[in-house]
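Reviewing the structure listed below.
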Amino acid sequence: MIRYFSAALTLTFLAVFATGAAQNGDKWGTIVKGRIVWGGDTIPEQPVLKVTNDQKHCEEKGPLHDTNLVINPKNKGMKWVFVALAQDPENADKPLPVNPKLKDAKKKPVVLDQPRCLFTPRAIAVEEGQDVIAKNSSSVVHNIRWAGDPTLNPGGNVSIPAGQSFEIKNLQAQRLPLILQCSIHPWMQGRLAVYSHPYFAVTDENGNFAIKLPPAGKYRLVVYQESIGWRDGAKGKNGAEIDIKAGAATDLGELKMGGKK
């Protein structure tokens with residue numbers, strides 16, 4: 001009798017445990033991924049930049065090209081596009097649920113280098129509480145100026161000698177990416193996005209992005225590129241609705257952006 005009672009208790013415990021695990025798994029997806037591609041038929045060229053200072057160093061490996069809009073000619077993938085999750089506009093003030101694995105993860109600083117008179121990478125993204133290390137691995141003096149919403153990110157302007165770096169701290173989330181510039185080399189431009197959650201990415205050279213451990217359910221995908229703006233124009237600032245699968249990957253496929261409509 002005791003043996004049967006013990007077996008029944010064990011089965012009940014396993015059933016409850018399995019139900020709890022299933023419910024917990026229903027809260028999160030494994031990944032949201034996709035590819036941002038150029039929507040036009042013709043791929044724009046990257047203009048040659050006019051270098052007016054430190055020409056010998058800046059052009060020692062050839063002319064510099066504008067990196068404002070970088071499109072892979074082989075597959076139309078768009079590089080350095082910001083992609084992030086957001087709530088429905090009606091719940092815009094409600095924080096996104098954050099997976100405990102990401103909430104407790106240590107946030108390493110993001111490195112922004114200036115090796116040859118261009119910001120590398122041109123577009124970076126961080127979460128609030130995450131610092132940016134502005135590095136100068138070149139042989140000439142550089143400067144970094146960052147500016148955003150003055151009520152959230154008053155910005156700064158710092159010279160960085162050759163081989164040294166400067167740490168940008170206390171960044172706050174804001175809707176538009178901050179502007180990055182070098183006052184010594186004015187053609188140097190970049191963008192820095194700051195989010196209040198960990199669900200963001202910057203596309204690679206093929207336009208790919210991946211956002212890990214997202215909350216399951218209906219959310220919005222917000223896409224921004226510095227020369228184009230929001231994907232789908234002004235209405236795109238609130239993103240497009242997506243349905244994130246629980247316990248599985250959500251593949252959004254190719255998402256077109258830019259080009260003539």
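In what follows, every heavy atom counts, from backbone to side chain, and hydrogens, waters and symmetry copies are set aside. Just so we're clear, the structure is a prediction, and the values are computed from it rather than from any experiment.
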Revision key, fill the gap. So salt bridge (charged side-chain N to carboxylate O under 4.0 Å, His left out) across residues 144-160, not counting sequence neighbours, yields none

If Ile, Leu, Val, Met, Phe, Trp and Tyr residues are connected whenever their side-chain heavy atoms lie under 4.5 Å apart, and connections chain through other members, are [X] and [Y] in the same group?
{"X": "M188", "Y": "L49", "value": "yes"}
{"X": "I124", "Y": "L178", "value": "yes"}
{"X": "L96", "Y": "V83", "value": "yes"}

Which atoms form the tightest heavy-atom contact between [X] and [Y], and what is the distance?
{"X": "A249", "Y": "T30", "answer": "N-OG1, 3.1 Å"}
{"X": "N238", "Y": "R220", "answer": "O-NE, 3.1 Å"}
{"X": "P44", "Y": "I71", "answer": "CD-CD1, 3.6 Å"}
{"X": "A86", "Y": "V222", "answer": "CB-CG2, 3.8 Å"}
{"X": "A125", "Y": "V202", "answer": "CB-CG2, 3.9 Å"}
{"X": "V126", "Y": "F200", "answer": "C-CZ, 3.6 Å"}

Does the side chain of [Y] come within less than 4.5 Å of [X]'s, by heavy atoms?
{"X": "S159", "Y": "F166", "value": "no"}
{"X": "Q189", "Y": "I179", "value": "yes"}
{"X": "S183", "Y": "N157", "value": "yes"}
{"X": "N99", "Y": "Y199", "value": "yes"}
{"X": "N153", "Y": "L192", "value": "no"}
{"X": "N136", "Y": "Q164", "value": "no"}
{"X": "V110", "Y": "L112", "value": "no"}
{"X": "V158", "Y": "W146", "value": "yes"}

Let me confirm one number: the [atom1]-[atom2] distance from [X] to [Y], rounded to the nearest 0.5 Å.
{"X": "S138", "Y": "L118", "atom1": "OG", "atom2": "CG", "answer": "11.0 Å"}
{"X": "L85", "Y": "H197", "atom1": "CG", "atom2": "NE2", "answer": "6.5 Å"}
{"X": "D243", "Y": "T250", "atom1": "CG", "atom2": "OG1", "answer": "7.5 Å"}
{"X": "N170", "Y": "I168", "atom1": "CG", "atom2": "CD1", "answer": "11.0 Å"}
{"X": "L221", "Y": "E241", "atom1": "CG", "atom2": "CD", "answer": "11.5 Å"}
{"X": "F119", "Y": "L180", "atom1": "CZ", "atom2": "CG", "answer": "5.5 Å"}

Point to revise | Electrostatic pair E254-R35, nearest N-O below 4.0 angstrom | key: yes

Practice item. Return the set of residues passing salt bridge (Lys or Arg N to Asp or Glu O under 4.0 Å) with R191 (not counting sequence neighbours), or none when no residue passes. Key: E226

Point to revise | Listed partners of D251 passing salt bridge (Lys or Arg N to Asp or Glu O under 4.0 Å), at least two apart | key: none

Without swapping roles, check the side chain of [X] against the backbone of [Y] for a donor-acceptor pair under 3.5 Å.
{"X": "T203", "Y": "V81", "answer": "yes"}
{"X": "N143", "Y": "I184", "answer": "no"}
{"X": "R231", "Y": "M257", "answer": "no"}
{"X": "Q87", "Y": "P95", "answer": "yes"}

Revision key, fill the gap. When V223, V37, I228 are each screened for side-chain contact (heavy atoms from CB on, under 4.5 Å) with M78, the one that passes is I228

Exercise for review: Under the side chain to side chain contact (heavy atoms under 4.5 Å, CB included) rule, collect the residues that match up with E45, sequence neighbours excluded.
Suggested key: none

**Study point:** Heavy atoms from other residues, nucleotides or ligands near NZ of K135 exceed 12 (cutoff 6.0 Å)
**Key:** no

The criterion is ring pair (Phe, Tyr, Trp, His ring centres under 6.0 Å); which residues satisfy it with [X], sequence neighbours excluded?
{"X": "H185", "answer": "H142, W187"}
{"X": "W80", "answer": "none"}
{"X": "Y224", "answer": "W230"}

Practice item. Among residues two or more places apart or on two chains, list those pairs meeting disulfide bond (SG atoms under 2.5 Å apart) that have a residue in residues 127-177. Key: none

Exercise for review: Can you run down the disulfide bond (SG atoms under 2.5 Å apart) pairs that involve residues 177-234, sequence neighbours left out, and say none if there aren't any?
Suggested key: none

Exercise for review: Enumerate the residue pairs fulfilling side-chain hydrogen bond (donor to acceptor under 3.5 Å, both in side chains) with a member in residues 100-117, sequence neighbours excluded, ordered by first and then second residue.
Suggested key: D113-S137

Please tabulate, for the side chains in residues 206-216, all donor-acceptor contacts under 3.5 angstrom to protein atoms that are two or more places apart in sequence or on a different chain.
unit_1, atom_1, unit_2, atom_2, d
N206, OD1, N72, ND2, 3.0
N206, OD1, N75, ND2, 3.0

Atom pairs and distances, donor-acceptor, side-chain atoms in residues 57-70, under 3.5 Å, two or more places apart:
unit_1, atom_1, unit_2, atom_2, d
H57, ND1, S139, OG, 3.4
H65, ND1, Q46, O, 3.0
D66, OD1, N68, N, 2.9
T67, OG1, R122, NH1, 2.9
N68, OD1, S227, OG, 3.0

